[in-house]
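One structure is given below, encoded as structure tokens.
None of these values were measured; they are calculated from a predicted model.
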There are 4 protein chains.
Amino acid sequence: MDPDPGPDPSERTGLLLHPQTPRSLRVRSSALQATRELLREGGLAAATIDAIAGRSGVSKATLYKHWPSRTAIAAEAFGRDMAEAVPPSDTGTTLGDLREQVRRVSAFYASPEGRVYRELVAACVQDAGGAAYFRAYFLAGRRRAFAGLWARAVERGDVRPDVDVETATDLLFGPLLFRLMTGHWPLSDDAADAVTDAALHGLLPRT
Amino acid sequence: MDPDPGPDPSERTGLLLHPQTPRSLRVRSSALQATRELLREGGLAAATIDAIAGRSGVSKATLYKHWPSRTAIAAEAFGRDMAEAVPPSDTGTTLGDLREQVRRVSAFYASPEGRVYRELVAACVQDAGGAAYFRAYFLAGRRRAFAGLWARAVERGDVRPDVDVETATDLLFGPLLFRLMTGHWPLSDDAADAVTDAALHGLLPRT
Amino acid sequence: MDPDPGPDPSERTGLLLHPQTPRSLRVRSSALQATRELLREGGLAAATIDAIAGRSGVSKATLYKHWPSRTAIAAEAFGRDMAEAVPPSDTGTTLGDLREQVRRVSAFYASPEGRVYRELVAACVQDAGGAAYFRAYFLAGRRRAFAGLWARAVERGDVRPDVDVETATDLLFGPLLFRLMTGHWPLSDDAADAVTDAALHGLLPRT
Amino acid sequence: MDPDPGPDPSERTGLLLHPQTPRSLRVRSSALQATRELLREGGLAAATIDAIAGRSGVSKATLYKHWPSRTAIAAEAFGRDMAEAVPPSDTGTTLGDLREQVRRVSAFYASPEGRVYRELVAACVQDAGGAAYFRAYFLAGRRRAFAGLWARAVERGDVRPDVDVETATDLLFGPLLFRLMTGHWPLSDDAADAVTDAALHGLLPRT
DNA sequence: CTGTAATCGAGACGGTACGTCTCGTCTTAAT
DNA sequence: ATTAAGACGAGACGTACCGTCTCGATTACAG
């Protein structure tokens, strides 16, 4: 069912993964597929352990042999599904690419998948095991993708080389997450552009 | 028990509040005091409805008459308690004040209270009723406080007047929330300064 | 509303009754009228204190000043209403009268009011205060009525004078209550007649 | 813990029973044992679902999977315990046996167990599910036991053959239940004998 | 009349039990 | 040996009704 589980993230995350026998693979992909569907239909709240077990035909005990918690299953299912949700932008210019990335992430947050993303971030707060999966299967990929873009920009001299990539990432995308989580401001393209502009040129007046 | 409930937030939030008869006041302050203690002792998870009812002597039914959910109680208790958690900075210079504010919020996030804040943000994702209380009793106050600082800075010409206060707020504090929620980076003073520096001067090279 | 409260049962029962000022009278009759309606509509379960207070306009505190429990209110309301539910029979013969009485009680038990009667008997098991009202306002009247019939029968020599009235009452009506409470047998006229016949002639063979 | 669950009552009652896997058996017997103790200590009021769950170690959810209500649990626990509470009498004569049975039931009603019996009868009035269990686990057995005694008496010609067993049962024991439920008369041996005498010889004068 | 004390309506409140829900573990039998 | 099926303990949830209480308004009687 899951045609391409992708590269094993244990290489880079140290996540303890189940040995990948054929049976295990079938179990994992059935569970993830069912979870994907449930997330789409009713958000994280619908992806209860019983619902995943019921729909996938994988028993609850087996699920807990493969994942530490339901959040972990949901995080992996979401991560595999959404890995390509925000494709790298290619506008020809560094500034265009950055602006486009922020817009796309903003649009993603505002989409139905953004709701699930928000619920996952929330669920991971109380579930360290799930958080590891969320980082391994989603966040790490996203940050890595942006890190590539940032590295190219630094190389070209288009951005300040003394700002490390973590700070740059958080400066551009943190404001969007703030709005997503606390809901005080719309996630429109204009708002995204305002953030990008402020982040690129800074808050101080041009002298 | 509740020395100063502060100005009634219904003025600005439209939150439907309980009529403040003497009995109601005693109930509210007992419940909030108990909740404060529970939050301090065991975080949001410890502040269950039963625990709040048990410790405060306020019955569950009465709690549900005054608040829509346990998240709402916790949000109000936390908000009243933490309203002064990040005092306005006064270093003499606008840049110093901004830098100090970001440092203080970063330190707050890294403190035990930051854990509760994180849990509250998470809980509000699935609880719209609680989210209203969280905004009314905590977030709104924080944003208003920063808005004052920003307005002064604009007046003095120390910051760009074309950046609206919402964008400025999110640019300076969003990165910290990003780190708090997804836990990928430490919340140190140095990290806070790096964010402030990048936000103030922007990501583009100085020409 | 309550045109005739009847003779004060405190004369014979020692029930502590409220002094009958005009206000008290209005309170009592409003409450009893509302309770009667509720009993008719939904049985004893519908006659909650809140429902009685709501419909009658008498506050809960006042209700508890006049009665010891909701069962007591229901018992009095039911008793006043049902005092005439089983009128004395007058067939011309003692045996006919006895048979008719048993039939009528059986029919009463089988009627909608019988359901309320059953619920009241049950409620009084856990509520001694209510039980006193039930006896005072219903059971005592019923037993007294039958006692009159029995006394006449004894006078006329139509029944055994060595059977005391309590035993006679219980022998004729106990079987019906047994069936009402445990529901193992229908409450038909034929069944009533079978009981009467067995009670009158005894279980031993005629020699 | 449950030494002899006895014959499965579903054979004769159609009660939907839980499949008796080993786990189910342990759950059922633990719950029933705890309920028995609670009934003994504080009557039906003490046998709350929470108390049963707490003492037996069986969770509330599981209790509700096995029984429709707490009354049902109490009825089964009481019924299994009390099945032998009124042993068949064997005095050598039919009349002696009948008299002894009525005395024993009267004594049972007057005993602490009689209080629980009374409370169960009352509780079953508002709980059809519980009533089915009460009939299946207690009443049916009692009536069956008496039916055997009655059948022998009929065979021997010691009692009227035209009185059906249901009528006979109710005539002898209904008066006792009347007194138990409405509490207007003592449950002494003498009172029991008076009932038996009146029931056997009838209320009409010997001609 | 009119003050004043009892009484009342309204409904908030603490308490207690309810029956439900989801989690993550454990048991059993089948493959 | 691993699995599906699902029973199970744990424990929080939100609700219902009880009987008590507080409070301010109304009433009834005494001066």
Between E:dT22, F:dT3, E:dC8, which one does the side chain of A:Thr48 approach most closely? E:dT22
Once side-chain contact (heavy atoms from CB on, under 4.5 Å) is applied, do any residues pair with [X], and if so which ones, sequence neighbours excluded?
X: B:Ala75; value: B:Leu120, B:Tyr133, B:Phe134
X: B:Thr48; value: B:Asp50, B:Ala51, B:Arg70
X: A:Arg40; value: A:Arg36, A:Asp81
X: C:Arg55; value: C:Ala34, C:Glu37, C:Leu38, C:Glu41

On DNA chain F, does the nearest nucleotide to A:Gly54 precede the nearest nucleotide to D:Arg26 from the 5' side, or the other way round? Give the residue. A:Gly54
Walking DNA chain F from its 5' end, the first of C:Pro68 and D:Ala53 to be reached, judged by nearest nucleotide, is D:Ala53
What is the distance, rounded to the nearest whole Å, between atom [atom1] of [X] and atom [atom2] of [N]?
X: B:Leu38; N: F:dA12; atom1: CG; atom2: P; result: 12 Å
X: B:Trp67; N: E:dC13; atom1: CH2; atom2: C1'; result: 13 Å
X: D:Ile52; N: E:dG19; atom1: CD1; atom2: C1'; result: 14 Å
X: D:Asp50; N: F:dG11; atom1: CG; atom2: P; result: 13 Å
X: B:Lys65; N: F:dA16; atom1: NZ; atom2: P; result: 11 Å
X: C:Arg70; N: F:dC18; atom1: CZ; atom2: P; result: 5 Å
X: D:Ile49; N: F:dG11; atom1: CD1; atom2: P; result: 18 Å

Interface residues of residues 117-124 of chain D with DNA chain E (non-hydrogen, below 4.0 angstrom): none
Contact residues, residues 55-64 of chain C to DNA chain E [heavy atom, < 4.0 Å]: C:Gly57, C:Val58, C:Ser59, C:Lys60, C:Ala61, C:Thr62
Looking at five pairs on each end of the helix from E:dG3-F:dC29 to E:dT31-F:dA1, what is the angle between the two axes, given to 10 degrees? 10°
Side-chain N or O of B:Ser24 versus OP1/OP2 of E:dC13: is the shortest distance under 4.0 Å? yes
Counting the benzene-type ring for Trp, do C:Tyr117 and C:Phe138 have ring centres under 6.0 Å apart? yes
Heavy-atom pair of closest approach, residues D:Lys60 and D:Ile49: CG-CG2, 3.6 Å
Nearest heavy-atom neighbours spanning C:Gly43 and C:Val116: CA-CG2, 4.2 Å
Less than 4.5 Å apart, any side-chain heavy atom of D:Val58 and any of D:Ile52? no
Enumerate donor-acceptor pairs with a distance under 3.5 Å from any side-chain N or O in residues 123-130 of chain A to protein atoms, sequence neighbours excluded.
from     : atom 1 : to       : atom 2 : distance (Å)
A:Asp127 : OD1    : A:Gly129 : N      : 3.1
A:Asp127 : OD1    : A:Gly130 : N      : 2.8
A:Asp127 : OD2    : A:Ser69  : OG     : 2.5
A:Asp127 : OD2    : A:Thr71  : OG1    : 3.0

